[in-house]
Amino acid sequence: LALSFAAAMEERYDPKQIEPRWQRVWANERTWEAGEVDDGRPTSYVLEMLPYPSGEPHIGHLKNYAVGDAVAHFHRRTGHRVLHPMGYDAFGLPAENHAIKTGQHPRDSTAESIVQFQKAFRDWGISIDWTREFATSDPTYYRWTQWIFLQLFERGLAYRHEAAVKWCPNDQTVLANEQVIDGRCERCGWEVEARQLEQWQFRITDYADRLLDDLDTIQWPEHVKTMQRNWIGRSEGAEVVFRCEELGTDYPVFTTRPDTLFGATFFVMAPEHPDIERLAAGTGHEDEVRRYVNHALNESVQERGDADKPKTGVALGRTVTNPVNGEQIPMYVADYVLMEYGTGAIMAVPGHDERDHAFAKVYDLPIREVISGGEVPVEEAPYTGDGPLVNSHPDFDGMANRKAISAIVDWLDRDGKGHRSVNYRLRDWLLSRQRYWGCPIPVVHCDRCGIVPVPEDQLPVLLPEIEDYQPKGRSPLDAAEDWVRVDCPSCGGEARRETDTMDTFVDSSWYFLRYCDAMNNQAAWDPAVLARWMPVDQYIGGVEHAILHLLYARFFVKALHDLGHIEAEEPFQRLFTQGMITRDGAKMSKSKGNVVSPGPIIDRYGADTARAYILFIGPPDHDADWSDKGVEGVHRFLGRLWRLSTETAATTPDPPLPAELSAEDLELMRKAHWAIDKVTNDMSGRFAFNTAIAAIMELTNAVSRVREAGDPSPAALRFALGTASSLLFPFAPHTAADAYEKLTGARVWEEPWPAADPRFLERDTYELVCQVNGKVRDRVEAPSGAVKDELEALCMAAPNVQAHVDGHDVLKVIVVPEKLVNVVVR
RNA sequence: GCCCGGGUGGCGGAACUGGUGUACGCGGUCGGCUUAAACCCGACUGUCCCUCGUGGGCAUGUGGGUUCGAAUCCCACCCCGGGCACCA
C-alpha cells in the first residue's frame with residue numbers, strides 16, 4: 001500500500017512541490033538580474049506600472065504582472081537582455097487616511113503592504129530583477145524627486161501661482177485638473193469646490209504641442225492617444241480685440257470661428273474676470289452684477305460645469321465695439337464663460353453656437369444668420385455647419401466659411417485688430433498637496449529672498465515626524481515647528497520651509513528612469529546607463545492611467561530631455577493597456593462580495609494555473625469575467641502536459657529522431673512546428689496569449705491522441721512535449737521548467753525560443769474546399785502547388801459538386817490556389 | 001450631444017490581408033475506470049428539416065448594399081461598454 005501510494009504521488013501534478021522548487025533556483029541563481037555590463041545583446045525594457053502598496057495584491061495585479069512576465073520571458077528567449085524591475089508607488093492618500101483612523105504611521109502600514117506584495121511576486125514566480133527594487137517613499141528615491149523638482153524650478157517649469165483651483169473638502173487638499181472626474185475628487189468622490197489659492201504648478205502647457213505631436217512617434221493603442229489628444233484639446237483660431245470705448249479698454253477674445261464675427265450680437269465675460277467690477281461701476285447694474293458674481297463663484301464645480309443647466313447671466317450695462325463692423329454690442333457676465341480658457345471673455349454668436357443661442361433665447365437678444373445652410377431659421381436653432389457667408393460684408397458674402405476664416409483673420413491682422421491664435425484645454429499641473437504622506441517640496445520661504453531652493457547637497461529634505469495626521473486645510477507638516485523653522489540658504493536669516501508635499505503622480509513620473517540605475521547615490525542616474533535602456537520598450541498597465549500618469553510621465557521625460565539629462569523624448573515606446581477582471585459581469589468590490597483573491601486561488605491550483613488562466617480567458621486588453629470552472633480547465637491542461645511529460649521522460653529512451661518518420665511521428669512533428677509558428681506569431685506584435693495557449697493545448701491534445709491510438713517514436717513524443725513545455729514557459733514558468741527539465745535535462749529559460757522548421761509547415765496535400773455558388777459542397781485532397789486547371793478539374797470531379805452542377809450552366813470558376821474553388825452556375 | 005471600442009453556440013471566446021464560421025476552454029449528454037464517488041480517460045454537442053446522407057435549409061445585433069464569395073467592406077438603424085462634455 002505504501003508503495004502504490006508513493007507511486008501515485010509520483011504521478012500527481014503538485015504545484016505546491018514544483019513551484020517553490022523553481023522559485024528557489026531563480027532566487028539563488030539571481031536568474032532575472034539584467035546586469036550592468038553591455039554584453040552586446042539587444043536590450044529590452046519591459047515594465048508593468050508599479051503597484052500602489054495598499055493591503056494585499058488583487059486579481060488585477062496578477063493579470064498585469066502575468067502579462068508583463070510573459071512579454072519579459074519572450075523577449076529574453078528571443079535573444080534580448082531584459083530589464084524587468086519592480087518597485088512601489090508608496091506615497092499617497094490611502095496610507096495617510098489609514099493613519100488618521102488608526103494612528104499607525106503611513107510608513108509602517110506601507111511597509112507591511114510591501115511585504116505582502118513582495119511575497120506575492122515571489123509566489124507568482126514573476127521574473128523580477130530584485131536588485132533595483134525601491135519604494136518612492138524611500139529617502140534615497142525622493143531625494144532625486146526633489147532634485148528633479150529643483151531642476152524644473154530653476155528652468156521656470158515649476159512655479160507658484162495664485163489661481164482658482166480645485167479643492168476637495170473631504171481630503172482637505174487641492175487637486176490637479178486631471179484628478180477631478182465629473183466635478184468630483186477621483187480619490188474619495190466628494191464634490192470639488194473652487195478656491196482661490198497660491199499653489200505650485202508644473203508648466204506642462206509649455207509642452208502641449210510636443211505632447212500632441214509626438215503621439216505619432218509611439219506605438220500606443222489608438223484610443224489612449226485619442227484620449228490624450230482630447231485632453232490636450234488643441235484649438236486653432238484667432239484672438240480678436242473688442243474695445244469698450246467708454247472705458248477705453250481692449251478685450252481680446254479667442255474664437256475658433258472668425259467666420260462668424262459678423263454674427264456677434266453680444267459679448268460675455270466670465271464671473272472671475274478681474275474687470276467685472278470696474279465695468280459695472282456707475283452703470284446702475286453694480287448690485288445685480290455683484291450678486292450674480294458671488295453666486296457664480298460659490299457654485300460647485302459640478303453645478304457650474306453642467307452643460308444642460310439653463311443659461312444665466314446679467315448685463316454689465318456697457319457695450320463693446322465689434323471690430324469687423326463697428327457695431328456696439330452689449331456686455332454680459334455669465335457663468336458659462338470660463339476664466340481659465342482663452343481670455344475669459346467671448347464674442348457671442350447666437351446664430352451659430354449652441355450656448356450663445358440658448359443665452360440669447362433666455363435674454364431675448366438678436367440672432368443673426370451669417371452662414372447659410374441651416375434647415376431651420378437660426379432663430380429656432382443655431383446652425384453650426386459649413387456654408388457660404390451671408391449678411392456679413394461685401395468682401396466676404398458668398399465666400400465658403402472655411403475660406404473666410406483665414407481671409408477675415410488676415411484682414412483683422414492688417415488693422416491690428418486680431419491675429420491667429422491657438423488655445424489648449426490642458427492646464428498646468430497643480431502639484432502641491434496639503435497632506436503629510438508625500439515628498440516634501442524642497443524650497444524655503446524667506447521674507448528677504450523670497451522662494452529659495454534648498455541646495456542640492458542638503459537633499460533630501462526629509463519628511464518630518466508629526467503627531468497628528470488630521471488634515472486641517474493646511475499641510476500637517478506645519479505642525480513640525482522645529483522642522484519648518486530653518487535658516488535661509490541664501491541670506492542665512494530666519495526662514496520657513498515649504499510645508500506642502502508633492503502629488504504622488506510626481507513620484508511615478510520618473511520611477512522608470514531610476515530603475516535603470518537604481519543604486520546610484522551620486523546622481524538620479526548616469527545618462528550613459530539610462531541610454532542603454534530608455535525608452536521602455538513595452539509598458540503595461542491599466543487604461544485608467546491613460547491621461548494622468550501617462551501624460552505626466554511624458555511631460556517629465558520631455559522636460560528632462562530639454563534639460564540635457566536624458567536622450568529619450570518619450571518614456572514608453574509601446575503601451576499595452578490590460579482590461580479589468582470582473583466577476584458575474586461586475587467590477588469586483590468588497591461591498592458586492594464578489595472579490596476573487598489571488599491568494600486562495602494560488603493555494604488551491606498553484607500560480608501557474610492562475611497566471612495561465614488569466615491569460616487564456618480572453619484577449620488581455622479586454623475585460624474578462626472570472627469563472628471558477630474555467631480555472632479548473634486550465635489546471636487540468638497543465639496537469640495533463642506535466643503528467644505526459646513526466647511519464648514519457650520516465651518510461652521512454654531518448655534516441656534521436658528516426659530518419660524515416662512514421663505517419664504518427666510526422667503528425668506530431670507537424671503539430672509541434674505548427675504550434676511554434678502560431679505561438680511565435682501570437683506573441684510578437686499582438687498580445688494574443690489566449691490563442692497561443694490554445695495552440696499549446698492543441699499540441700498537447702495531439703500528443704494524447706497519437707499516444708493513445710498509435711505507437712509514435714519516443715523521439716517524436718519527446719520533441720512534441722518538449723516543444724509544448726518550451727512554448728508554455730512564458731505563461732506557466734514553473735510547470736514548463738519542470739516538464740522541460742524532465743524531458744531534456746536542460747533549463748528551458750536558457751534555451752533559445754524554438755524556431756519552426758518550414759519543412760514541417762509545408763504539406764504535400766491539402767484539403768481543397770469545393771464551392772458551388774459560394775456554398776461549400778465538398779472537400780477533396782489536392783496536391784500542394786497544383787495549378788488552377790488541375791484544381792478546377794479536381795473540384796469538378798467531386799461527387800457532391802457534380803450533383804449541384806448537373807443540369808446547370810457553368811458561368812465561371814474562381815480558383816484560389818491552396819484554398820478553394822468556387823463554381824458559379826445558373 | 002460628440003469621439004472611440006464592441007455585439008459570433010447554453011457560457012468565455014476563435015476565424016492573420018474578404019475564401020472551410022464556431023479553434024481552444026467551460027458547461028451538457030453518453031460511455032470507460034471504480035464496490036461507489038472523486039480524479040482521470042474516450043465519444044458526441046449551433047439550429048431546424050427529411051428520403052438519416054460523403055443530404056439539405058437557416059445561423060456571426062437588425063435591415064439594405066457591394067462581391068463568385070461578407071463575421072470581415074459600404075450605408076442606415078438598435079443595443080452594450082469606455083472617454084470627453086458650457087473649452088468659445
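Just so it is clear: chains get the letters A, B, ... in the order the sequence lines come, proteins before strands, and each one is counted from 1. Keep in mind the model is a prediction, meaning the values are calculated, not measured.
Residue side chain K311(A) reaches the base of C86(B) through a donor-acceptor N/O pair under 3.5 Å, judged by distance alone.
At a threshold of 4.0 angstrom between heavy atoms, the contacts of Q771(A) include nucleobase atoms, whether or not backbone atoms are also involved. Here V769(A) lies in heavy-atom contact (under 4.0 Å) with a base. Using a 4.0 Å heavy-atom criterion, one finds that N423(A) contacts no nucleic acid atom at all. Within the 4.0 angstrom heavy-atom criterion, no nucleotide atom of any strand lies near D356(A). Nucleic acid contact class of E340(A) (heavy atoms, under 4.0 Å, all strands): none. Within 4.0 Å (heavy atoms only), V776(A) reaches sugar-phosphate atoms of the nucleic acid but no base atom. Using a 4.0 Å heavy-atom cutoff across all strands shown, R705(A) reaches no nucleic acid atom at all. Contact annotation for G633(A): backbone-only contact, meaning every heavy-atom pair under 4.0 Å involves sugar-phosphate atoms and none involves a base. R636(A) comes within 4.0 angstrom of sugar-phosphate atoms only, judged by non-hydrogen atoms across all strands, and of no base. Residue H804(A) is in sugar-phosphate contact alone, with no base atom involved, counting any heavy-atom pair closer than 4.0 Å across all strands shown. Backbone-only engagement by I617(A) is indicated by non-hydrogen atom pairs under 4.0 Å involving sugar-phosphate atoms exclusively. Among the heavy atoms of the strands lying under 4.0 Å from V337(A) is at least one base atom, whether or not backbone atoms are also near. Across all strands shown, R779(A) has heavy atoms under 4.0 Å from base atoms, whether or not it also approaches the sugar-phosphate.
Look at A85(B): it lacks any Watson-Crick or wobble partner with both distances under 3.5 angstrom. Taking a pair to require two hydrogen-bonding distances under 3.5 Å in either a Watson-Crick or a G-U wobble arrangement, G27(B) pairs with U45(B). Pair check for U20(B) finds none; no Watson-Crick or G-U wobble contact set falls under 3.5 Å. Nucleotide U67(B) has no partner under the Watson-Crick or G-U criteria, as no pair reaches both atom distances under 3.5 Å. Using Watson-Crick or G-U wobble geometry with both donor-acceptor distances under 3.5 Å, U34(B) finds no partner in any strand shown. If you check A15(B) for Watson-Crick or wobble pairing at under 3.5 angstrom, you find it has no partner at all. Pairing for G5(B) goes to C80(B), judged as Watson-Crick or G-U wobble with the two contacts each under 3.5 Å.
Summarising the local packing, NZ of K361(A) is surrounded by more than 12 heavy atoms from other residues, nucleotides or ligands at distances under 6.0 Å.
Each of C41(B), A23(B), G25(B) was ranked by its minimum atom distance to the side chain of A694(A); first place goes to A23(B).
Using a 4.0 Å cut-off, no side-chain N or O of T226(A) falls inside it from OP1 or OP2 of G83(B). When the side-chain nitrogen and oxygen atoms of K587(A) are compared with OP1 and OP2 of G82(B), none of them lie within a distance under 4.0 Å. Listed pair N822(A) / U20(B) fails the phosphate criterion, with no side-chain N or O lying under 4.0 Å from OP1 or OP2. N701(A) has no side-chain polar atom (N or O) that falls below the 4.0 Å cut-off from OP1 or OP2 of A23(B). Look at R826(A) and you won't find any side-chain N or O under 4.0 angstrom from OP1 or OP2 of C68(B). Between R425(A) and A88(B), a side-chain N or O to OP1/OP2 separation shorter than 4.0 Å is absent.
Each of R686(A) and T256(A) was assigned the nucleotide of RNA chain B with the nearest heavy atom; the assignment lying further toward the 5' end belongs to R686(A).
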Side chain to side chain donor-acceptor pair (under 3.5 Å) evaluation trace for D778(A) with N800(A): CA-CA 6 Å; D778(A) 219 327; N800(A) 206 34; 5.2 Å; no
Trace of the side chain to side chain donor-acceptor pair (under 3.5 Å) decision for Y605(A) with E632(A): CA-CA 8 Å; Y605(A) 300 107; E632(A) 284 174 22; 3.2 Å; yes
Verdict with reasoning, Y552(A) to E178(A), per side chain to side chain donor-acceptor pair (under 3.5 Å): CA-CA 10 Å; Y552(A) 294 151; E178(A) 288 78 9; 2.8 Å; yes
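Nucleotide G9(B) carries a syn base; the chi torsion (O4'-C1'-N9-C4 or O4'-C1'-N1-C2) is within 90° of 0.
Under the 4.5 Å side-chain criterion, counting only non-hydrogen atoms from C-beta, Y332(A) is not in contact with M269(A).
With no hydrogens or angles considered, a side-chain donor-acceptor pair links Q228(A) and R554(A) at under 3.5 Å.
Judged by the 6.0 Å distance and 45° axis criteria, K311(A) is positioned over the aromatic ring of Y336(A).
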